[in-house]
Amino acid sequence: MTSSSTVSSSITPRHQAATTALLDWYDVHRRDLPWRARHGQRPNPYHVWLSEIMLQQTTVATVKSYFARFTERWPEVADLAAADRDEVMSAWAGLGYYARARNLHAAAKRVANDHGGAFPADEDGLRQLPGVGPYTAAAIAAIAFGQRAVVVDGNIERVTARWDAVTTPLPTARPELYRIMDALTPRGEQGSRAGDFAQAMMDLGSGLCTPPRKTKNGLSQPSCMICPLMGTCAASGKAPENFPVKKAKTPRPDRHGVALVIEDQGGHIALERRRDDGMLGGLYVFPGSGWADGSPKVADYPMTSDCGGGIMLDQFGHGETLNTRVEHIFSHFRVILTIQRLRIEAKKPPLPDGLHWVDRGELAAKALPTVMVKVARAAGLIDPRD
DNA sequence: TAGGCGTGGGC
DNA sequence: TGCCCAAGCCT
């Protein structure tokens, strides 16, 4: 370990003061969250893992109800592993980033079948599970197993960038921010508190060292005056809201398309189950056109996608076009959908591959992404409140 | 390595 | 309203 002396020499009294101050603060101000062990209790690795997956790019407030439903329905990882994947997808519906749900189920099965139901207790082992990346592996190792791991998420990037007034823009600054967190994370006999320290940094980032928001009077300010790191922070009193510096983002384009609401004589709706890879993988959607960049003219969007829209129109006619359109914003584009409604004079006629008849009453229980829930609402298929 | 991948909330 | 943000991972 040639680096140990280098690392040690980069740890100053300022670092040590910050580490101690933050751990002391956490002992008093830690948030009480459903997946956190109470003080003095042993953490539940299944709960820690499940919450960490759900919390990826998702707020605590949103996760709480999903976490409660999952742990109620599947109390142990073996229960989740034994569930049908469709049930898991349906329970996840609305939470977004559905690859997380597919990976969640795959990882549960691997833990149950290959590890006898026990999660790997170190970063390398955890990292092998699908859906567990560098952040999540470090977080679980530290929080659930008391390992000294260096945990860096978006909150911690912000706190460390401010604490050292890092001017390098993200994502280039990542390695630098990791080194700062490494230098701050408790070592030696205190190394077992790495999990507390990481959670303390996240609580700090969530509650005090908050991200900037545009207001009438410029950017909102973090709560430096009550921050345990105020005395050691390089940005305190020097416009901390300007950190971290970020590289400019690419703009979000518009896409247009058609969704087909096809109903038979018996109150069944034709839905397509999307293939596992790619956007909305494994979820149910209304068939239709692809979503193309550019022109908003409906006629420009032939039904040539893999959803069988063209076959449906040839077979059953074009129906009526609804006046209501549906708009939905994804992370990297906005889509505007025109709805065509087709009523078929038959009961459950054969459908192309990949399409299925679904009872109208069971629509709400299916794993529909939010954009398709909007379509179902606009077409009057489900209650507006569902 | 930069872009794909959801959704809800705040202002 | 439009834009930004939130406990990232994968390719």
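Please read all numbers here as calculations on a predicted model, not as lab measurements. Computed over heavy atoms, backbone and side chain alike; hydrogens, waters and symmetry mates excluded.
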**OP:** First locate atom CG of A:L260, then atom CG of A:L271, and finally report the distance between them rounded to the nearest 0.5 Å.
**Re:** 11.5 Å
Subject >> Spatial distance of atom CG (A:D24) from atom OG1 (A:T19) [nearest 0.5 Å] >> reply: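 If I round to the nearest 0.5 Å, the distance is 10.5 Å.
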Length of the [atom1]-[atom2] vector between [X] and [N], whole Å:
X: A:I336; N: C:dG2; atom1: CD1; atom2: P; answer: 11 Å
X: A:R174; N: B:dT1; atom1: CZ; atom2: C1'; answer: 11 Å
X: A:M54; N: C:dG8; atom1: CE; atom2: P; answer: 15 Å
X: A:I329; N: C:dC4; atom1: CD1; atom2: P; answer: 11 Å
X: A:R100; N: C:dA6; atom1: CZ; atom2: C1'; answer: 10 Å
X: A:I140; N: C:dC9; atom1: CD1; atom2: P; answer: 9 Å
X: A:Y135; N: C:dC10; atom1: OH; atom2: C1'; answer: 18 Å
X: A:L129; N: C:dC10; atom1: CG; atom2: P; answer: 10 Å

Scan [X] against the nucleic acid and name what it touches under 4.0 Å (heavy atoms): base, sugar-phosphate only, or nothing.
X: A:L95; value: base
X: A:W35; value: base
X: A:S206; value: nothing
X: A:G205; value: nothing
X: A:I143; value: nothing

Original post:
With the 4.5 Å side-chain cut-off for hydrophobic clustering, are A:I140 and A:V60 part of the same group?
Top reply: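 Linked within one cluster.
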Original post:
Of the nucleotides C:dC9, B:dT7, C:dA6, which has the atom closest to the A:K246 side chain?
Top reply: C:dA6
Subject >> A:T370 side-chain proximity, nearest of C:dC5, B:dC5, B:dG8 >> reply: B:dG8
**OP:** Would you mind telling me which residue lines up with the more 5' stretch of DNA chain B, A:P171 or A:M279, judged by nearest nucleotide?
**Re:** A:P171
**OP:** Return the 5'-most residue of the pair A:L280, A:R213 with respect to DNA chain B, ranking by each residue's nearest nucleotide.
**Re:** A:L280
**OP:** Please confirm whether any donor atom in the side chain of A:T58 sits under 3.5 Å from an acceptor in the base of B:dG6, or the reverse.
**Re:**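 Such a pair exists between side chain and base.
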Could you tell me whether the phosphate oxygens of [N], OP1 or OP2, come under 4.0 Å of any side-chain nitrogen or oxygen in [X]?
X: A:H328; N: B:dT7; value: yes
X: A:Q57; N: C:dG8; value: yes
X: A:R127; N: C:dC10; value: yes
X: A:R158; N: C:dA6; value: yes
X: A:Y98; N: B:dT7; value: yes
X: A:T62; N: B:dG8; value: no

Original post:
Do A:R187 and A:D182 meet the salt-bridge criterion of a basic N to acidic O distance under 4.0 Å?
Top reply: yes
**OP:** Output yes when A:E327 and A:K374 qualify as a salt bridge under the 4.0 Å nitrogen-oxygen rule, no when they do not.
**Re:** no
Original post:
Considering heavy-atom distances to DNA chain C, does A:G131 or A:R31 have its closest nucleotide positioned more toward the 5' end?
Top reply: A:R31
Original post:
Would you say A:E87 has more than 12 foreign heavy atoms packed within less than 6.0 Å of its CD?
Top reply: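 Atom CD in A:E87 is packed in, count exceeds 12.
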Subject >> Whole-Å P distance, C:dC4 and B:dG3 >> reply: 16 Å
